[in-house]
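To start, the structure itself, in structure tokens.
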Amino acid sequence: MKYPSGALSLIPTAAVASLALAAIPAPTPTITGFSAEGAANQIALEQRFDADIDPNQLRDWLKRMSSGPNHVGAPHDKENAEFTLQQFKSWGWDAQIEQFDVLYPTLKRHSLELVGPTKFVATLKEPVVEGDESSARTDGMPPYHIYGADGDVTADLVYVNYGMPEDYKTLARRGIDVKGKIVIARYGQGWRGLKPKLAYEHGAVGCLVYSDPQDDGYSQGDVYPKGGWRPEGSVQRGSVADMPIYAGDPLTPGVGATKKAKRLPLAEAKTVLKIPVMPISYGDAQPLLAALEGPVAPDGWRGALPITYHVGPGPAKVHLMIESDWELKPLYDVIAKIAGTENPDEWVLRGNHRDGWVFGAWDPLSGHVAMMAEAKSIGALLKSGWKPKRTIVYASWDGEEAGLLGSTEWAETHAQELQHKGVVYINSDTNTRGFLNVAGSHSLQHFMNEVGASVKDPQTNVSVLDRLRAKVRVDAYEPGASEQQQQTAKKAADGSDLPIDALGSGSDFTPFLQHLGLATLNVEYGGEDDQGGVYHSNYDSFEHYIRFGDPQFAYGVAEAQTVGRAVLRMANAQILPLQFAGVVENIGGYLDELHRLTDEKRSKAEDLTQLLEAKAFSLAADPTRAVGAPEVEPETPYIDFAPLDNAVARLKKSAKAYDDAYSKASGGAASLTASQRVELNAQLRGLEQAFMYPAGLPGRGWYKHLIYAPGLLTGYGVKTLPGVREAIEDHRWEEANQYAAITATVLATYCDRLDKATALLGP
Ligand SMILES: [Zn+2]
């Protein structure tokens with residue numbers, strides 16, 4: 001998630017003080033969605049909001065909440081739910097716990113051994129680290145992959161690099177297949193759940209996933225406890241549910257996992273995998289990899305272990321056994337509300353998950369304590385007599401790690417109400433030292449640029465937006481910068497809004513954006529830390545976070561100030577602060593990419609045909625290390641992009657018309673009557689839902705947003721204009737044409753609605 005700019009920089013604290021004194025007329029503050037007077041009041045409110053945020057409190061909460069294992073079903077996860085509930089209540093919120101019951105398998109027994117040609121028994125344990133008290137506890141969740149299958153298999157081993165689609169093509173060209181084998185893949189590149197899924201689709205009977213030190217261990221920096229990076233015995237846990245099909249409880253797709261919900265039998269749960277899969281440390285992986293022979297691993301496949309990487313298959317033979325308890329477990333979401341005074345049926349939603357793989361100090365509690373600081377400060381405003389115009393809803397989600405369970409089940413349970421009332425959903429997760437990172441709906445790009453301009457960076461004292469501008473420009477200057485980086489740097493230099501990224505998946509925003517169609521943001525700080533090193537391990541602890549994360553909690557405070565402003569502005573804005581230049585710029589860019597993708601595919605396929613006709617691959621190959629030709633690519637026809645091209649051309653006009661009308665009407669906010677504002681906000685609220693297609697994406701109807709989706713074959717990574725893009729990538733030409741037309745239709749619906757909003761702003 002990259003971040004933005006306001007053409008207008010919002011006044012820093014000192015200027016606000018001088019406004020109050022009124023000795024020298026200060027420049028009138030501008031905030032989109034507010035009249036001049038409204039903006040001045042809002043900025044004064046934000047000063048009061050900031051005053052109540054205390055970094056020591058964030059530290060105390062983090063210490064307390066990360067003091068025990070926090071997975072679903074752990075007593076400490078429930079204690080934290082009750083603690084969070086009681087805190088929200090004490091701050092004056094109307095709060096309650098909402099419970100769901102989800103399929104949550106836990107490990108009963110597991111083992112992994114090398115049975116030939118040498119013997120080795122994997123430890124499957126994370127050793128105690130000196131100076132990290134919690135690493136000595138024995139009540140944590142042992143390393144495992146949730147929603148893999150149970151099994152007991154013995155087979156030859158094959159190394160498959162990252163285990164992504166390209167890797168299987170590379171193997172095929174060397175005449176190696178994985179049928180009946182156990183594969184070992186390293187973490188990285190694509191989402192973890194794809195590794196066992198693709199292994200299964202290629203015929204493997206088991207899958208191991210290890211953390212190579214090249215990706216997050218000693219190759220990156222000193223390992224824990226000397227530095228923050230992953231030590232030899234550390235394991236990355238995680239979900240391997242097939243979440244690109246649907247998120248949430250595998251047994252209740254599309255409906256809330258309430259007590260009386262109808263549940264699928266386990267065998268019909270599409271997101272549970274079919275083969276056993278196990279995460280291991282590089283300490284456990286090294287003897288297995290060292291026992292492989294066969295071809296030396298190709299360029300780009302070799303990690304940082306002190307061995308020669310071979311691909312196999314065999315002679316290394318491994319025995320893998322996993323047995324789990326397939327039980328339902330309770331989830332505890334904490335939901336807290338403050339009713340709005342003027343528009344109680346318009347909801348500003350904000351959430352962060354609370355469950356962790358073990359202690360979860362980084363992931364998720366660093367973000368959770370920032371959210372608590374916001375809630376406490378909003379509570380203090382409430383006690384002083386202030387009230388929001390719109391309703392504010394805060395959520396502490398459970399069960400995110402296993403598959404966005406708590407957020408998805410809640411969103412599915414309240415789908416109708418949320419689609420009717422939801423104005424925006426703002427998410428965060430791990431938060432740490434570094435740069436503002438925003439992703440989400442592009443109608444909020446300008447809004448977040450304004451917010452970023454109003455928050456001070458704790459390390460440099462410029463705004464977090466200006467610091468990000470500097471970073472974007474420096475990165476683009478360094479050798480190897482991409483063309484896109486250079487374009488963004490130009491925007492950073494000339495003061496235009498910085499772009500925000502599109503959202504794929506990987507945290508609780510997914511059900512709100514891609515299933516319900518609410519305008520959504522994910523807002524976090526990061527990039528100057530060593531978090532990768534303990535991600536989802538036993539060492540994601542308080543001790544680790546205060547050494548290698550955000551020691552002063554200064555970025556916890558910055559996060560609370562940033563999201564707090566976003567929430568308060570959304571809650572109080574006279575006109576919902578959506579702007580549309582960013583929507584056009586980004587969607588137009590995605591469409592250009594699709595044109596290029598198709599052209600490149602076509603010329604690549606033609607090149608390949610010529611190379612095959614000339615027998616170039618066999619002539620160029622080293623006969624002692626044979627690498628075969630790639631499979632023939634089907635010819636790429638011309639896709640009918642005309643409906644999309646026309647839709648984007650219209651979107652350009654509609655977006656400009658709204659933005660122009662808004663700025664003409666502005667202090668726009670003030671010039672409209674109350675009833676005109678109500679009507680306008682009703683058009684703007686739920687505008688994002690115009691992007692939804694009721695039948696959803698091909699083969700995964702739960703995902704209904706036709707602009708943003710997690711990739712079917714990338715997992716967390718976003719696919720924009722996904723219906724069309726994935727069809728092209730996968731050579732489903734008819735479907736590409738079909739979804740180009742459908743996507744054009746939803747864009748037209750969006751424009752219709754936007755034009756109505758423009759008309760309400762006046763001639
Ligand atoms: Zn998380």
Side-chain angles (χ1 to χ4, degrees), residues 241-256 261-262 264 268-271 403-404 407-409 411-420 422 425 441 502-505 509-520 583 587 590-591 594 639-644 646-648 650-651 686-715 718-754:
D242 196 358
M243 260 184 286
I245 305 291
Y246 57 86
D249 175 22
L251 302 185
T252 60
V255 298
K262 234 179 110 194
L264 294 175
E268 285 172 35
K270 271 202 223 157
T271 55
L404 319 179
S407 54
T408 300
E409 298 315 318
E412 288 174 343
T413 302
H414 304 284
Q416 270 193 341
E417 187 173 23
L418 288 169
Q419 285 183 320
H420 181 62
Y425 172 73
S441 302
L503 283 171
S505 189
F509 51 79
T510 277
F512 299 98
L513 178 65
Q514 293 143 354
H515 187 61
L516 298 183
L518 301 194
T520 295
V583 176
I587 295 181
Y590 307 149
L591 181 56
L594 291 191
I639 303 297
D640 184 7
F641 286 124
L644 271 179
N646 288 320
V648 168
R650 179 176 168 206
L651 180 63
L687 181 59
E688 187 87 12
Q689 280 171 50
F691 288 140
M692 306 298 272
Y693 176 49
L697 293 173
R700 46 183 186 139
W702 190 88
Y703 287 94
K704 299 183 190 300
H705 203 296
L706 292 191
I707 310 297
Y708 319 112
L712 196 56
L713 292 176
T714 52
V718 65
K719 292 283 178 183
T720 51
L721 305 176
V724 191
R725 189 184 298 263
E726 291 194 325
I728 295 170
E729 287 173 346
D730 214 25
H731 309 145
R732 299 188 304 263
W733 313 122
E734 209 170 302
E735 189 182 289
N737 284 324
Q738 185 198 348
Y739 269 80
I742 296 169
T743 307
T745 311
V746 306
L747 283 171
T749 310
Y750 189 86
C751 290
D752 289 345
R753 197 157 167 174
L754 186 53

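Note that the structure is a prediction, hence the values are computed from the model and not measured.
The two residues V255 and E412 come nearest to each other via the heavy atoms O-OE1, 2.7 Å. Of all the heavy atoms in P698 and E735, the pair that sits closest is CG-OE2, 3.2 Å. What you find for A411 and L418 is that their closest heavy atoms are CA-CD1, 3.8 Å. Scanning all heavy atoms of the two residues, the minimum distance from A740 to P643 falls at O-CB, 4.4 Å. A pairwise comparison of heavy atoms in Q419 and L516 identifies NE2-O, 3.0 Å as the closest pair. Closest non-hydrogen pair, A269 versus L264, comes out as CA-CD1, 4.1 Å.
Under the 3.5 Å distance criterion, the side-chain polar atoms of N737 are matched with a main-chain donor or acceptor of D640. A donor-acceptor pair is defined here as one N or O able to donate and one able to accept, closer than 3.5 Å; no such pair exists between the side chain of E726 and the backbone of K719. S441 places a side-chain N or O within 3.5 Å of a backbone atom of T520 that can act as its donor or acceptor partner.
Within the structure, side-chain hydrogen bond (donor to acceptor under 3.5 Å, both in side chains) pairs that include any residue of residues 738-751 do not occur (at least two apart or interchain). Applying the salt bridge (charged side-chain N to carboxylate O under 4.0 Å, His left out) test to pairs two or more places apart or on separate chains, none has a residue in residues 688-697. Counting only residues at least two apart or in different chains, salt bridge (charged side-chain N to carboxylate O under 4.0 Å, His left out) contacts with residues 703-714 are absent.
Every residue was checked against the ring pair (Phe, Tyr, Trp, His ring centres under 6.0 Å) condition with H420, not counting sequence neighbours, and none meets it. Remark: F641 engages H595 in a ring pair (Phe, Tyr, Trp, His ring centres under 6.0 Å) (not counting sequence neighbours). In this view, D730 and R732 satisfy the side-chain hydrogen bond (donor to acceptor under 3.5 Å, both in side chains) rule, not counting sequence neighbours. Listed by chain and residue number, R725 satisfy the side-chain hydrogen bond (donor to acceptor under 3.5 Å, both in side chains) test with T720 (two or more places apart in sequence, or in another chain). In terms of the side-chain contact (heavy atoms from CB on, under 4.5 Å) criterion, residue partners of P710 (sequence neighbours excluded) are, by chain and number, S505, Q514, R700, Y703. Remark: S407 pairs with D508 by the side-chain hydrogen bond (donor to acceptor under 3.5 Å, both in side chains) rule, at least two apart or across chains. In terms of the side-chain contact (heavy atoms from CB on, under 4.5 Å) criterion, residue partners of A736 (sequence neighbours excluded) are, by chain and number, I639, A727, I728. With sequence neighbours excluded, the residues forming a ring pair (Phe, Tyr, Trp, His ring centres under 6.0 Å) with Y708 are H442, H705, listed by chain and number. Checked against side-chain hydrogen bond (donor to acceptor under 3.5 Å, both in side chains), R650 has the following partners two or more places apart in sequence or in another chain: D752, D755.
Atom CD of E268 is separated from atom NZ of K270 by 10.5 Å, given to the nearest 0.5 angstrom. A distance of 11.5 Å separates CG in L754 from CG in L747, rounded to the nearest 0.5 Å. Annotation: the span from L713 atom CG to E729 atom CD amounts to 8.0 Å, rounded to 0.5 Å. In this structure, Y425 OH and F512 CZ are separated by 5.0 Å, a value rounded to the nearest 0.5 Å. For the atom pair CG of L721 and CD1 of I587, the computed distance is 7.0 Å after rounding to the nearest 0.5 Å. If you take CG on L706 and OH on Y693, they are separated by 8.0 Å, rounding to the nearest 0.5 Å.
For the pair Q689/L518, a side-chain contact is recorded, criterion being any heavy-atom separation below 4.5 Å from C-beta on.
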Please walk me through it: do T510 and T408 pass side chain to side chain contact (heavy atoms under 4.5 Å, CB included)? CA-CA 8 Å; T510 277; T408 300; 5.8 Å; no
Please report the C-alpha distance between L712 and L697 in whole Å, then the side-chain angles of each, then the deciding distance to 0.1 Å, and finally whether the side chain to side chain contact (heavy atoms under 4.5 Å, CB included) criterion is met. CA-CA 10 Å; L712 196 56; L697 293 173; over 6 Å; no
